[in-house]
Amino acid sequence: MKIFIDTANLEQIRTAQSWGILDGVTTNPTLLSREKGNFRDILKEICRIVDGPVSAEVVSLNADRMVEEARELAKIADNIVIKIPMTLEGLKAIKILTAEGIKTNTTLVFSPLQALLAAKAGTTFVSPFVGRLDDIHHFGMDLVEQIVRIYDNYGFETEIIVASIRTPLHIVEAANIGAHICTVPFAVLEKMVKHPLTDIGIQKFLEDWKKVEK
Ligand code: E4P
């Protein structure tokens with residue numbers, strides 16, 4: 001399973017990149033609003049740090065405007081992927097951009113039918129938001145399970161990015177279901193590494209090592 005980081009914070013991206021497990025980055029307008037500096041410069045720097053796909057989102061709602069915005073964003077770097085919201089206008093834009101060879105990530109996906117349509121339009125990635133569904137008492141991971149099955153049934157090549165991740169357990173579930181990618185906030189990435197028994201084990205080995213004749 002590929003691991004993306006869900007942030008526009010350069011410090012966090014550099015740190016995660018140094019761990020050697022990072023496959024890509026997702027940003028959105030909210031994440032960029034938390035950072036200082038011109039958004040284009042930030043995206044350019046992210047694309048320099050990370051070799052894999054870096055999602056940048058359009059803010060237009062009309063297909064023609066989305067396509068214009070996407071073409072501009074795509075000039076930032078070769079690894080930019082355009083995030084398009086899951087609407088009828090978004091579908092039209094995805095179709096055009098796919099034909100032009102520009103990669104897309106269909107965002108704000110909350111139903112299996114939305115994911116089916118996005119794949120039919122040719123989207124490169126689809127992003128079901130599990131945490132936001134959990135927040136309103138729907139099992140977000142049920143959606144991921146359905147998308148995996150539907151894509152398998154028809155051989156769609158669209159990759160599923162499990163988004164809106166809140167806890168390490170979301171990642172365990174996504175990996176068990178067979179989703180291609182999880183996009184993970186930095187704080188959750190850190191939690192993935194830790195286990196108290198590992199820390200206790202290291203401490204015990206170090207104490208016992210002192211007793212070994214050297
Ligand atoms: C995905 O690409 C989005 O940027 C993100 O996962 C949304 O997460 P949130 O629901 O925590 O805002």
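Counting starts at 1 for both ligands and their atoms, following the listed order.
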Numbered atoms and elements of ligand 1 in range of D6, under 4.0 angstrom, heavy atoms: 1 (C), 2 (O), 3 (C), 4 (O), 5 (C), 6 (O), 7 (C), 8 (O)
Close-contact set for ligand 1 against R132 heavy atoms, below 4.0 Å: 7 (C), 9 (P), 10 (O), 12 (O)
Considering heavy atoms of the protein only, find what lies nearest to [atom] and give residue, atom and distance to 0.1 Å.
atom                   : result
atom 7 (C) of ligand 1 : F129 CE2, 3.6 Å
atom 8 (O) of ligand 1 : S164 CA, 3.4 Å
atom 4 (O) of ligand 1 : N28 ND2, 2.7 Å

T87, T104, V59 screened by side-chain contact (heavy atoms from CB on, under 4.5 Å) with M66, the one that passes: T87
Is [X] reaching over with its side chain to a backbone N or O of [Y], donor-acceptor style, under 3.5 angstrom?
X    : Y    : answer
T158 : F125 : no
N79  : V50  : yes
D23  : I3   : yes
T106 : T123 : no

Best match, K83, R166, E57: closest heavy atom to atom 11 (O) of ligand 1: R166
